[in-house]
Amino acid sequence: MEKIDIPKRYDVKSREKYWKEFWEKKQIYKYEKPKDKSKVFKIDTPPPTVSGKMHVGHSYSYSQMDFIARYKRMKGYSLFYPFGTDDNGLATERLVEKINNVKGTNMERHEFIELCRKTVDNLREEFVDDWKKIGVSADYNMFYSTINEDVIKISQKYFLDLVKKDRVYRKENPTLYCPNCKTAIAQVELEDLERESKMNYIEFKVKKENENDVDSFIIGTTRPELLSSCVAVFINPEHELANKLEGKKAIVPIFNFEVPIIKDEGALLDKGTGIVMCCTFGDQKDIEWYKQYNLPLKISIKEDGTLNENAGKYEGLKIKEAREKILEDLKEKNILKKQETVKQVVNVHERCSTEIEILHSKQWFIKVLDMKEELLEAGNKFKWHPEHMKNRYDNWVKSLKWDWCISRQRFFGVPFPVWYDEEGNVIFASEEELPVDPLKDKPKGYEDKNLIPEKDVMDTWATSSLTPIIATELFGNSDFDFYYPFDLRPQAHDIISFWLFNTVVRSLIHKNTIPWNNVTISGWVLDPKGRKMSKSKGNVINPQDVIEKYSSDALRYAASIVKLGDDAPFQEKDVQTGYKTANKIFNAVKFSINFLEGKEKYLENKEENFIDKWILTKLSKTIKNYNESFEKYNYSEARRKIDEFFWKYYTDNYIEFSKHRLYNDKDENMYSTLFKTTKSVIQLYAPFMPFVTEEVYHYYNFDSEESIHKTIIEDYNYNYEYEEKLGDLLMDIIVEVRKKKTQNQKSMKAKVESIKIRLKEEELKLIEEKKEEFELELKNIMNIQHIEYTIEEGERIKEIKIE
RNA sequence: GGGCCCGUAGUCUAGCGGCUAUGACGUCGCCUUUACACGGCGAAGGUCACCGGUUCGAUUCCGGUCGGGCCCACCA
């Protein structure tokens with residue numbers, strides 16, 4: 001261990017930078033494979049999306065997982081703790097478009113991909129450095145990017161495994177589509193948006209078959225532009241016209257074709273008129289009806305968001321233009337009976353807030369709907385922290401309606417290793433050829449054949465759902481017996497239905513087992529008033545600014561206050577508390593080490609007095625509780641335990657009690673306790689505040705490790721019941737004496753002539769057993785000349801005479 | 001519509017069948033004591049949302065009410 005001189009002050013800025021570089025240079029967090037697989041702790045680290053800067057939510061959730069990682073390391077585990085970035089997909093494309101002021105759809109595909117790659121490569125190092133700055137102790141040698149060749153290869157390999165296991169298919173299907181991003185999206189990428197809209201009441205004629213037939217009826221719709229896609233009319237069975245209309249044909253206005261009228265409870269009485277037109281496709285309900293009644297398919301909207309030839313004279317118009325034009329025409333013909341403004345909630349794409357459309361197109365899907373049972377079972381097999389987060393997973397699995405669409409009509413992603421021949425047969429790459437880009441490469445045996453490459457790329461989740469597999473393949477020598485399942489998946493609750501769910505799916509399919517044994521779900525960091533942070537509200541807090549103003553340790557401390565699963569407001573005062581705690585650790589340890597220096601020969605002394613036994617008992621209990629909390633992944637409880645020990649017992653009392661012994665008595669027997677408690681304090685704080693603890697560890701030769709983070713937390717089993725009680729009593733009395741001194745406006749060292757202490761009988765007995773020692777301490781600590789006791793109820797100090 | 005979480009001093013919170021309800025910030029007062037004034041010691045501040053029930057005893061457990069938040073579904 002490299003010992004350093006103790007400075008007068010702890011210079012946070014330069015020292016945090018120094019230790020960050022020290023850890024990297026000395027490879028303190030480098031993974032080393034042990035022989036025994038039970039001695040590895042494997043973390044499925046979330047790969048953040050390279051998006052410029054780490055945000056404050058990241059800084060909390062990654063700190064929280066790092067508390068656990070560091071604790072486990074200090075319990076003797078080898079940490080399999082990789083770090084990757086999720087670089088492909090729409091999020092990156094949008095960033096690249098913004099930075100370079102380009103549009104992917106307007107560029108040559110290979111140029112755009114090249115630009116994406118370059119942009120991400122440029123940003124990555126600085127981006128990842130934010131994680132190093134907050135002290136995330138991953139092994140950055142085990143780094144991957146989801147867009148690098150090695151990961152593309154793995155992603156394609158497991159795609160082929162899906163093919164082999166018959167879990168993937170390509171099919172023309174109703175597909176959620178974003179006209180703005182011009183790509184298919186998955187169910188999970190939808191978001192609700194409330195907006196105002198017009199409900200239009202439109203008259204449909206009935207094809208009359210005899211005299212008594214109803215002439216016409218009125219439907220309500222917000223999407224008149226879809227009239228040309230109408231394939232049926234549904235009427236609620238309770239509707240007064242239900243029986244009269246059932247089985248008849250309705251005539252769609254303007255377009256004048258006939259559609260059947262069908263009774264169905266799905267047509268709600270209190271919505272619109274209780275009669276609704278079903279268009280393929282206006283919304284998800286239409287798909288249900290389409291499937292249930294085997295309705296024909298009639299698509300009117302093209303992928304670019306304009307109407308197609310089915311729309312007749314409206315062809316070529318954009319959706320909104322068509323809506324206006326049709327309404328005009330309907331009005332003119334007096335078919336539009338009424339309009340009213342309604343509040344409507346629509347599905348939008350979460351990345352661009354564009355209203356989604358449902359189109360019919362060929363996409364690749366992973367079969368998941370038939371796995372629901374298996375998936376629910378899997379959710380029971382790993383532990384959820386906190387437990388109630390499992391509900392979200394269960395809810396999601398039970399309500400699944402779509403297979404998982406993994407193809408995207410975008411550019412910067414993992415290519416499908418797929419071609420089509422002239423007859424439309426699908427040709428897959430073979431594993432040895434991977435990675436392939438079908439746009440450039442051809443499969444073996446087809447070199448001179450005419451093949452159509454699959455142009456779609458995979459959704460980013462199709463790759464990030466493989467993170468534990470990727471890590472094992474890349475850094476674990478593909479030794480799944482050794483590494484699988486992982487110990488921990490840490491992540492936030494907003495992506496339970498994305499990343500967590502997807503990873504379980506892939507793990508069940510490829511490895512036939514759950515991916516991890518524990519998941520910890522962290523919450524969101526809200527603004528100080530408890531609202532979501534967003535750029536538009538201007539209430540975003542940057543972790544970089546917080547670090548600059550305080551320190552990484554301080555930020556981590558604030559993160560340790562928030563419990564798993566809780567959404568919590570960002571509170572600067574918590575960061576301040578962290579800052580103060582780090583400062584206090586520095587000072588307290590500096591004080592202790594000052595006296596420990598050169599006293600190594602006394603460290604084995606066993607002649608502890610009752611104060612030593614008292615503090616050692618408190619320490620033992622603290623470590624026990626600390627361990628128990630951490631074993632439950634409850635880092636905030638663990639931190640509270642060490643805080644309590646540190647402030648209430650160690651600094652405010654033990655050190656104060658010890659001063660007279662250190663300065664005056666030169667009591668040789670106290671060094672071993674001072675050493676143990678001080679070292680433990682540093683160790684127990686190390687998972688939370690890795691920088692300041694590393695700093696003070698190097699002020700003294702605590703042991704031979706080159707870093708505090710390589711030391712093992714020692715457990716102690718001191719349990720001196722009598723001394724603990726006596727120490728508590730001493731503390732109680734001293735608190736009272738301090739109170740009296742404060743009330744009398746005296747300093748703590750003011751000399752006390754005499755003091756009368758009220759006690760309970762059993763307390764007096766306690767003292768009498770070691771009266772001389774007890775009084776000596778009390779007198780020395782509080783500068784008291786004479787002590788008397790009375791046995792009665794009331795405030796502890798009956799009277800105090802101060803000189 | 002279904003599900004989940006949460007209501008504790010001015011603010012953020014700990015606790016969760018039984019001592020005087022935890023700690024932090026803020027407020028006020030005192031103390032320049034040789035680790036720290038980036039400090040120490042104290043004080044004030046609470047109907048533990050409300051109403052019932054279980055219990056010898058409820059902030060804690062159960063039911064309901066009100067309020068806040070989240071997830072999912074529906075959304076013509």
*Write down the partner of B:C16 under the Watson-Crick or G-U wobble criteria, each distance required to be under 3.5 Å.*
none

*Starting at atom OH of A:Tyr550, determine the distance to atom P of B:C25, rounded to an integer number of angstrom.*
12 Å

*Under 4.0 Å between any heavy atoms, over every strand shown, what does A:Lys659 touch: base, sugar-phosphate, or nothing? Just pick one.*
base

*asked:* From OH of A:Tyr10 over to P of B:G39, roughly how many Å is that when rounded to an integer?
replied: 16 Å

*Give A:Arg9 one of three labels, base, sugar-phosphate or nothing, depending on what nucleic acid heavy atoms sit under 4.0 Å from its own.*
base

*What about A:Lys584: does its side chain form a donor-acceptor pair under 3.5 Å with the base of B:C36?*
yes

*Provide the distance between the two P atoms, one in B:A37 and one in B:A43, to the nearest whole Å.*
24 Å

*Could you tell me whether A:Ala568 contacts a base, only the sugar-phosphate backbone, or nothing, with contacts defined as non-hydrogen atoms closer than 4.0 Å?*
nothing

*Touch check for A:Lys749, heavy atoms < 4.0 angstrom, all strands: base, sugar-phosphate only, or nothing?*
sugar-phosphate

*Have a look at A:Tyr579 and say if it touches a base, only the backbone sugar-phosphate, or nothing, with a 4.0 Å heavy-atom cut-off.*
base

*Start at the 5' end of RNA chain B and walk down; is the nucleotide closest to A:Gly274 or to A:Gln571 reached first?*
A:Gln571

*What does A:Asn347 touch in the nucleic acid at a heavy-atom separation under 4.0 angstrom: a base, only the sugar-phosphate, or nothing?*
base

*Mind calculating the distance between CZ (A:Phe646) and P (B:G23) to the nearest angstrom?*
17 Å

*Is A:Trp647 touching bases, backbone alone, or none of the nucleic acid, heavy atoms closer than 4.0 Å?*
sugar-phosphate

*asked:* Can you tell me if A:Lys532 touches the phosphate of B:G69, counting only side-chain N or O atoms and a distance under 4.0 Å to OP1 or OP2?
replied: no

*For nucleotides B:A21 and B:A9, find the distance between their C1' atoms and express it as a whole number of Å.*
11 Å

_Nearest-nucleotide pick for A:Lys739, side chain only, options being B:A43, B:C70, B:C25_ = B:A43

*Honestly, is A:Arg639 close enough over A:Tyr557, meaning NZ or CZ under 6.0 Å from the six-membered ring centre and within 45° of the axis?*
yes

_Just to be sure I understand the rule, does A:Leu268 reach a base, reach only the sugar-phosphate, or reach nothing, if contact means heavy atoms closer than 4.0 Å?_
base

*Test for a donor-acceptor pair under 3.5 Å between the base of B:C36 and the side chain of A:Lys590, counting only N and O atoms.*
no

_Sugar-phosphate, base or nothing in reach of A:Glu656, heavy atoms under 4.0 Å_ = base

*asked:* Does a side-chain N or O of A:Lys746 approach OP1 or OP2 of B:U33 to a distance below 4.0 Å, or not?
replied: no

_Heavy atoms only, 4.0 Å cut-off, all strands: where does A:Gly523 land among base, sugar-phosphate and nothing?_
nothing

*asked:* I'd like to know if the side chain of A:Ser300 pairs up with that of A:Ser228 as donor and acceptor (distance under 3.5 Å, no hydrogens or angles considered).
replied: yes

*Parallel, tilted or perpendicular: which describes the rings of A:Trp289 and A:Phe234, with under 30° parallel and over 60° perpendicular?*
parallel

*Which nucleotide in the set B:G15, B:A73, B:C25 lies at the smallest distance from any side-chain heavy atom of A:Lys573?*
B:C25

*Rounding to the closest angstrom, what is the interatomic distance between B:C75 and B:U60 at atom P?*
41 Å

*When the distance from CG of A:Leu190 to P of B:C75 is rounded to whole Å, what number comes out?*
13 Å

*Quick one: look up who B:G26 pairs with, Watson-Crick or G-U, both distances under 3.5 Å, and put none if it's unpaired.*
none

*Determine the interatomic distance between C1' on B:U22 and the same-named atom on B:C66; round to the nearest Å.*
28 Å

*Among B:C5, B:C72, B:G42, the one nearest A:His388 by side-chain distance*: B:C5

*Closest to the A:Thr577 side chain: B:A24, B:A14, B:G39?*
B:A24

*Which of the following nucleotides, B:C74, B:A73, B:C25, is nearest to the side chain of A:Val345?*
B:C74

*Tell me which nucleotide among B:C30, B:G42, B:U33 gets nearest to the side chain of A:Gln745.*
B:C30

_Opposite nucleotide pairing with B:A44, Watson-Crick or G-U, both atom distances under 3.5 Å_ = none

_Separation of the C1' atoms in B:C51 and B:A58, to the nearest angstrom_ = 14 Å

*To the nearest 0.5 Å, tell me how far A:Ile611 CD1 sits from A:Asn653 CG.*
9.5 Å

*Between B:C74 (C1') and A:Gln284 (CD): distance, integer Å*: 10 Å

*Quick one: A:Ile356 CD1 to B:C74 C1', roughly how many Å, whole number?*
14 Å

*Examine the side chains of A:Asn634 and A:Ser636 and answer whether a donor and an acceptor come within less than 3.5 Å of each other.*
yes

*Could you tell me the separation between the CG atom of A:Asp566 and the C1' atom of B:A14, rounded to a whole number of Å?*
12 Å

*Provide the distance between the two P atoms, one in B:A14 and one in B:U33, to the nearest whole Å.*
39 Å

*Are A:Gln64 and A:Thr520 linked by a side-chain donor-acceptor pair shorter than 3.5 Å?*
no

*How far does the P atom of B:G2 sit from the matching atom of B:A44, given to the nearest Å?*
49 Å

_Side-chain N or O of A:Lys751 closer than 4.0 Å to phosphate OP1/OP2 of B:U33_ = no

*Which word best sums up how the rings of A:Phe281 and A:Tyr290 line up, parallel for under 30°, tilted for 30 to 60°, or perpendicular for over 60°?*
perpendicular

*Which part of the nucleic acid, if any, lies within reach of A:Asn391 when heavy atoms closer than 4.0 Å are counted: base, sugar-phosphate only, or nothing?*
sugar-phosphate

_Can you tell me which residue among A:Tyr626, A:Phe646, A:Trp647 is in a ring pair (Phe, Tyr, Trp, His ring centres under 6.0 Å) with A:Tyr685?_
A:Phe646

*Regarding A:Lys338 and the six-membered ring of A:Tyr201, is the cationic atom NZ or CZ under 6.0 Å from the ring centre and inside 45° of its axis?*
yes

*If you look at every strand shown and take non-hydrogen atoms under 4.0 Å, does A:Lys285 touch a base, only sugar-phosphate, or nothing?*
sugar-phosphate

*Looking for any heavy atom pair under 4.0 Å, which part of the strands does A:Lys648 touch: base, sugar-phosphate only, or nothing?*
nothing

*Which nucleotide in the list B:G42, B:A14, B:C31 gets nearest to the side chain of A:Ser747?*
B:C31

*asked:* Taking only side-chain N and O atoms of A:Lys641, does any of them lie within less than 4.0 angstrom of OP1 or OP2 on B:A14?
replied: no

*5' precedence on RNA chain B between A:Pro528 and A:Ile655 (nearest-nucleotide basis)*: A:Pro528

*asked:* Between B:C74 and B:U47, how many Å separate the two P atoms, rounded to a whole number?
replied: 45 Å

*Quick one: look up who B:G1 pairs with, Watson-Crick or G-U, both distances under 3.5 Å, and put none if it's unpaired.*
B:C72

*Give one of base, sugar-phosphate or nothing for A:Met199, where a contact means two heavy atoms less than 4.0 Å apart.*
sugar-phosphate

*Which nucleotide, B:C36, B:C71, B:U33, lies nearest any side-chain atom of A:Asn583?*
B:C36

*Round to the nearest Å and state the distance from A:Glu572 atom CD to B:U13 atom P.*
17 Å

*When you get a sec, tell me which of B:G29, B:G40, B:C25 is the closest nucleotide to the side chain of A:Asp652?*
B:G40

_Within the 3.5 Å criterion, strictly below it, is a donor on A:Asn780 or A:Lys659 matched to an acceptor on the partner's side chain?_
no

